[in-house]
Every structure is written in structure tokens, then in C-alpha cells.
Amino acid sequence: MATDEPAVRADEVSFNYSKLKVLDSLSLQVPPGVSFGLLGPNGAGKTTLIRLLVGLIKPKSGSIRLLGQPPSRRIAHRIGYMPQLHSLYSELSIIQNVNFYARIYRVTNRAEREQWVEEAIRLVDLWERRKDQVMKLSGGMKQRVSLACAIVHHPPVLFLDEPTVGLDPELRVTFWEHFAYLTSQGTTLIISSHTMDDAAHCDLLAFMREGKIIARGSPAELQQATGKPDSTLEEAFLYSIHREAGNGS
Amino acid sequence: MVPSQAFTIATRIVNQLIRDRRTMAMIVIVPLVVMSLIGLSFPESTVLDYIAPALLATLALFFSFLLTGISFLRERSQGTLERIMASPVSRLDIVVGYLFGFFLFALTQTIIIILFTIYVLDVHYYGELWQIFIFQIVIITGAVNLGIFTSTFARNEFQMVQFIPLIVVPQIFLCGVIWPVEQMPDYLQWLSSVLPLTYAVDGLRDIMLSGKSLLDVGLDLAVMVGFTVVFSILAAVTLRRGAAS
């Protein structure tokens, strides 16, 4: 991939479930090594967009490039994906779950795999409980295990679908510390959320509504766009909605 | 296909089920209870001798289909299948991995049923025991793939359970388990000829009651293998559809 190539690129992507249009000619570019937030209310199309970007579903029209290539199994080992559901094997222990995903993502060297599994579990601060069955963990701990499963193979691009949903404020802060660490290591993060608390932590944001991106930029740029110096991101989002409605009418 | 990936999936399923002790106990106890009831309801040993091959085939199909269908559906509903689908693993690796993982438990149930039938219910048979096992293995391989394929069309456990009367029960009535296929109307005979249990019952009866070899029942065996291959392909082809919904 050329250095100026976006880590993730979508051009004029549309998708619909039967007659329901979920994404409408959506385009975005995510530069490498940043945290990119997809912000919007439930039903805005965030999860569908992430599932398209990781290659689980195909767009009806438009094109997608991940690290300069179309999403496919060939490039899947360079992608991390943390779905909205915990998506863990509840009968297995934390270490068994993380080890399974390391193997699935082709971390074939045993010594390297053991090291990476330990690193991932330590990063989410669960090493002391690594032998516990997932079914015995709290919701927040399952989220942390799910994150460890997504990062264990050191993917340069990581998709996180509502990773902070259901987390208490303390754990939410911890998660954002993890994310900041990952971006500092050069990982590109694409994070969906419907809370503006999350938005403030991202380097770049795209506000989504009804299958479209209605505004994009850094949090500061989006706040400045409202014309009010002390505006919040909630106000920036509402401003974007009104502006979009004005353009559409 | 990458065999190590399929092996990783199979190993994970085995680890998962082994750690679920209640399920493990049920896998062993349920066939024993069912076979005991069947034994008690057929006090005439000659009747049981005749019906045993059909029962072995039917129970192998039923238990394997049910175990796999429900387990695979769980993979879909809890999102783990989707997570694997986003990984570099191919659909063929997934189907083969699940096949081997579930196969081990389906085989355990089948071995329990065969040994209980022969040594506890004292059913007489003429063919070779190892050939009965081989034939049963072909049946459960097909049933495991049928379970994976069928679970594609179910969104929850309730829907999956509805497939039992739709897929298993008609085969019990149409495939020569209760009465001979030849006594049925022509259109039902035709229907029976496209159902796998017909060939499973026919082949197993020939081995157990007439002492025929696997070579003698080659046609039944070939059709069963054919069904298995078709169900495997259908399971692999429809995998993305289920995961994406």
C-alpha cells in the first residue's frame, strides 16, 4: 500500500435490505493510524457499514478498499473485527477464546502466538483471570475479552462496532486508553458509537444519519462549524442535521 | 482449504462441548433412555431384530441432525459464526471443521446406540459389526451436514425444532422404517426414493438381517455418500447467507 493510500476507502457505496435503503451512496476515507468515529443514532447504518467494510456483506453498488485492496479472505488476516455482540464461546476460558482467534487469524508460530495472546489479555487487564470461563464474567469483562480477540493478531486496521455499549464510565475510560495505545502503535481504528462521549476521543468523525454521512472532520472542526465557540458535539450533530435538511429541501 | 484451520475449529468445538458437562451427560444418557424404552416396548425379540436396523439408522439421523442443527444455530445467534466469517478462514474450512467437531459427538451417540442394541437388547445380526459401524458413520456424516445446512433457514431454536417434523418425521413414515416402501402409493414411493433414510434403512437391513457386505450394499452406500457431498456443498454455499442476515 502506498503511504498516501487511505487505510479504508469507500466510494459511492449503497446497500439495502429488500426495499429498505440502509446506505445511500456513502463515501469515506480513513487515513492510516487514526481513530475514526462513526457517530449516529441507532438505525443510521453504522453496523451495516462496518459489516460491508469487513467484507461480511457486499454493497449493491460502489466500491470498498481496505489497505488498498477489496475486502476478501486474502486481506482478512490484516483486519480486526469486534462485533456488537460479545461473540465469544461462553464455555471456554478467556485464554482459550483468545488463542482460538489467534489461530484462526493465522498466528501460526506457537511461541509468537503464546506471546501475542498474553499481550492481548494483559492489555485488557484480564491476565489474572485468564483461566476463567467466559460465562462466569460480567458484561464489561466479556467486552474486554472480545477486544482481546479482535487485536490478538496485531491487525493494522481494527473495526469496533459499538465497543463501549453497556460499559460503566470507568471501564469506558479504560477502553479509550486501550484505543489510544493502539493508534499510538500505528493501528487504524474505525469505531461506531451513538454516544457523543465517545466522539470526543476520536481523531476524526463522520456523523451518520439515515444511511448517509452528513458531516465529517475532527471533533474541533465539527464544533467550529456550528459558528458557536463553546458548542458541544451534540450541538454539532444537531447543526449537521439541520444543515443537511436545509440542503435537501 | 487450509486443514489446520478446519482442525482449529474442530478442536474448539470439542473443547467447548467437553466443558459443557450437562450437554455431555445428555449426549450419553438420552440415547440410553430411548433405547431402553424401545427395548421394553418390544418384548418379542424377533420383532426387535427386524426393526433394529431401521431404528439404528433413524436414531443416528435424528440425534446427529438435532445436535448439529441446534449447535450450529447457536453459533449464528451468538454472533461467533459471523466473527469467523470475517476472518481469513474459508467456508469449506468452516464446514469441514464443524463437521469433524460435531461428528465426534454424533459418533459417540451412535456407538452407544449400536452397543446397547446389540449387547443389552440382545438384538441378533448377521453382518460384520465393523461394517455396521462404517455404514452408520456415513449416515451421521450426512446428518451432520444436513443439520448445518438446515440451520441456515432457522433464526432461532424454536424454528430449528420445527424442522424435525418437517425433515425427520416424514422420513420415518416414508422410508421403510414402519412399513415397506413397496406398499405405499407410487407418488410416495417416488418421494421415498429421494430421501436419504430410505437408503440408510435399506442398506443397514441388508447388512444386519441378510448378512450382506458393504460391497453388496454399494448402491445404498454410494447414494448416502452422494447425499453427504450434496449437503456439504449446500452447507458451504449457504453459509454466508446465514451469517449475513
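Only this structure's heavy atoms are used, side chains among them; waters, hydrogens and symmetry mates stay out. Naming convention: chains lettered A, B, ... in sequence-line order (proteins, then strands); numbering from 1 in each chain. Fair warning: this is a prediction, and the values are worked out from it, not measured in the lab.
Side chains of B:Phe63 and B:Val30 form a contact here, defined as non-hydrogen atoms less than 4.5 Å apart. Within the 4.5 Å cutoff, the side chain of A:Thr195 has heavy atoms near those of the A:Asp198 side chain.
There is no contact between B:Ile18 and chain A, counting heavy-atom distances below 4.5 Å. Proximity to chain A is absent for every atom of B:Ser4, based on heavy atoms less than 4.5 angstrom apart. Within the 4.5 angstrom heavy-atom criterion, only backbone atoms of B:Ser77 (N, CA, C, O) approach chain A.
Between B:Arg12 and B:Gln16, the side chains place a donor N or O and an acceptor N or O closer than 3.5 Å (distance only, hydrogens not considered). A donor-acceptor pair shorter than 3.5 Å can be found between the side chains of B:Ser232 and B:Asn145. Side-chain atoms of B:Ser87 and A:Arg73 form no donor-acceptor pair, as typed in the model, at a separation below 3.5 Å. A donor-acceptor contact under 3.5 angstrom links the side chains of B:Thr80 and B:Glu75, judged on distance only. Side chains of A:Thr47 and A:Asp161: a donor-acceptor N/O pair is present below 3.5 angstrom, by distance only.
Proximity to chain B among residues 128-146 of chain A is limited to A:Lys131, A:Gln133, A:Ser146, judged by heavy-atom separations below 4.5 angstrom. Along residues 80-106 of chain A, the residues that come nearer than 4.5 angstrom to chain B, judged on non-hydrogen atoms, are A:Tyr81, A:Met82, A:Pro83, A:Leu85, A:His86, A:Ser87, A:Leu88, A:Tyr89, A:Ser90, A:Glu91, A:Leu92, A:Ser93, A:Gln96, A:Phe100, A:Tyr101, A:Arg103, A:Ile104, A:Tyr105, A:Arg106 in order of number. Contacts with chain B (heavy atom to heavy atom, under 4.5 Å) involve these residues of residues 149-159 of chain A, listed by number: A:Cys149, A:Ala150.
Separating the CG atom in B:Leu61 from the CD1 atom in B:Ile139 is a distance of 8.0 Å, to the nearest 0.5 Å.
Evaluation of the ring-ring contact (aromatic ring centres under 6.0 Å, His included) rule for A:Phe36 yields no partner, not counting sequence neighbours.
The aromatic ring centres of B:Trp190 and B:Tyr187 sit 6.0 Å or more apart.
No more than 12 heavy-atom neighbours from other residues, nucleotides or ligands sit within 6.0 angstrom of CZ on B:Phe100. Within 6.0 Å of atom CZ in B:Phe133, more than 12 heavy atoms from other residues, nucleotides or ligands are found, so the atom counts as buried in its surroundings.
A:Pro59 and A:Ile64 get closest at one heavy-atom pair: CG-CD1, 4.2 Å.
A side chain to side chain donor-acceptor pair (under 3.5 Å) with A:Gln115 holds for exactly one of A:Arg113, A:Glu112, A:Glu119; it is A:Glu119.
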